[in-house]
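All values below come from the heavy atoms of this structure, side chains included, with hydrogens, waters and symmetry mates left out.
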Amino acid sequence: MPGRGAWLRRGISRDGGPLVEDREVVWLQAGPYYADSRGFAGTTSFDGARVHFHHLTGEPGEDTGTFRRDGANLVERGTNPDGGTFLEIWTPLPADGGPCGSWAGPDHHVVRVGRHVVHVDARAGSYWRL
């Protein structure tokens, strides 16, 4: 699990189905804080075996998963809040240093990693490249 990173999803398989990609999804990780452009953000924790994504803003719930490296990519296998399973392939986006941090308010959460920014509120998630 990276402590800092910007990742573009290359594909998702739900409940053992085919690996597909139907939209651009970006995940940013800044220390224990993350934001996912699908519309959820919060904190991560690690229990020694699995990473827990605690959704604090946007779509409610908690995803859990494991990661393994496949070259530069990360392969994530996990379980969604509804009990469905998933496999996601994430490829790194160039983050080249620069500012990194997380900011939250009563109804939004923003994570920045280098030139990449994801904003999440109760309605949606948005991704910008600066």
Side-chain angles (χ1 to χ4, degrees):
M1 177 75 207
R4 172 194 167 115
W7 303 88
L8 175 66
R9 190 176 73 184
R10 291 295 184 198
I12 184 169
S13 167
R14 296 185 188 283
D15 298 317
L19 191 65
V20 298
E21 188 53 72
D22 57 358
R23 62 182 166 153
E24 180 181 75
V25 175
V26 172
W27 155 44
L28 302 181
Q29 187 77 36
Y33 303 100
Y34 77 92
D36 188 301
S37 66
R38 287 174 283 188
F40 50 94
T43 61
T44 55
S45 62
F46 183 65
D47 67 12
R50 300 176 65 83
V51 175
H52 300 265
F53 289 87
H54 311 281
H55 301 203
L56 303 177
T57 304
E59 181 182 311
E62 179 179 299
D63 300 325
T64 60
T66 60
F67 289 88
R68 72 171 172 79
R69 292 240 179 229
D70 182 13
N73 295 335
L74 285 177
V75 177
E76 178 185 9
R77 292 183 184 274
T79 306
N80 288 314
D82 67 4
T85 61
F86 64 88
L87 173 131
E88 291 177 293
I89 309 295
W90 298 94
T91 191
L93 290 167
D96 302 332
C100 180
S102 172
W103 301 267
D107 61 352
H108 69 279
H109 195 116
V110 178
V111 173
R112 179 175 180 180
V113 177
R115 297 169 32 174
H116 308 282
V117 177
V118 171
H119 172 273
V120 175
D121 60 31
R123 294 170 308 224
S126 302
Y127 165 68
W128 296 281
R129 184 174 175 180
L130 305 175

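Taking all atoms of both residues into account, the shortest heavy-atom contact from Ser13 to Leu19 is N-CD1, 3.8 Å. Heavy-atom minimum distance, Ala30 versus Cys100: CB-SG, 3.6 Å. Glu76 and Phe53 get closest at one heavy-atom pair: OE2-CE1, 3.8 Å. The nearest pair of heavy atoms linking Gly58 to Val120 is CA-CG1, 4.1 Å. Across every non-hydrogen atom of Pro60 and Pro81, the tightest pair is O-CG, 4.3 Å. Contact between Phe46 and Val51 at its shortest, heavy atoms only, is CD1-CG2, 3.8 Å.
Under the 4.5 Å side-chain criterion, counting only non-hydrogen atoms from C-beta, Leu28 is in contact with Val26. Tyr34 places none of its side-chain heavy atoms less than 4.5 Å from the side chain of Val118. For the pair Arg14 and Asn80, the minimum side-chain heavy-atom distance is below 4.5 Å. Between Ser102 and Val110, every side-chain heavy-atom pair lies at or beyond the 4.5 Å cut-off. Residues Leu130 and Arg112 are in side-chain contact: their nearest non-hydrogen atoms beyond the backbone lie under 4.5 Å apart.
Here Arg38 pairs with Glu88 in a salt bridge; the nearest charged N to carboxylate O distance falls below 4.0 Å.
Side-chain atoms of Asp82 come within 3.5 Å of backbone atoms of Gly84 as a donor-acceptor pair (strictly under, hydrogens ignored). A donor-acceptor contact shorter than 3.5 Å links the side chain of Arg4 to the backbone of Gly97. The main-chain N or O of Ala124 is found under 3.5 Å from a side-chain atom of Asp121 such that the two form a donor-acceptor pair. Side chain of Asp15 to backbone of Thr85: a donor-acceptor contact under 3.5 angstrom is found.
If you take OG1 on Thr64 and CZ on Arg77, they are separated by 13.5 Å, rounding to the nearest 0.5 Å. Tyr33 contributes atom OH, which lies 11.5 Å from atom OG1 of Thr57 (distance to the nearest 0.5 angstrom). Separating the CG atom in Asp36 from the NE2 atom in His55 is a distance of 8.0 Å, to the nearest 0.5 Å.
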* To do: Walk me through it: do Trp27 and Phe67 pass the test ring pair (Phe, Tyr, Trp, His ring centres under 6.0 Å)?
  => CA-CA 14 Å; Trp27 155 44; Phe67 289 88; 5.6 Å; yes

* To do: Evaluate the side chain to side chain contact (heavy atoms under 4.5 Å, CB included) criterion for residues Asn73 and Arg10: first the C-alpha distance (whole Å), next the side-chain angles of each, then the deciding distance (0.1 Å), finally the verdict.
  => CA-CA 9 Å; Asn73 295 335; Arg10 291 295 184 198; 5.5 Å; no

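Shown here are the salt bridge (charged side-chain N to carboxylate O under 4.0 Å, His left out) partners of Glu21, two or more places apart in sequence or in another chain: Arg9. Every residue was checked against the salt bridge (charged side-chain N to carboxylate O under 4.0 Å, His left out) condition with Asp107, not counting sequence neighbours, and none meets it. Residues passing the side chain to side chain donor-acceptor pair (under 3.5 Å) test with Tyr127, sequence neighbours excluded: His116. With sequence neighbours left out, Asp47 forms a side chain to side chain donor-acceptor pair (under 3.5 Å) with His52. Residues passing the side-chain contact (heavy atoms from CB on, under 4.5 Å) test with Asp70 are Arg68, Val75, sequence neighbours excluded. Every residue two or more places apart in sequence or in another chain that forms a side chain to side chain donor-acceptor pair (under 3.5 Å) with Ser45 is listed here: His54.
Arg50 CZ: more than 12 foreign heavy atoms inside a 6.0 Å radius.
Follow the hydrophobic side-chain contacts under 4.5 Å out from Trp128 and you reach Trp103 in the same cluster. Val113 and Leu74 are members of different hydrophobic clusters when ILVMFWY side chains are connected at heavy-atom separations under 4.5 Å.
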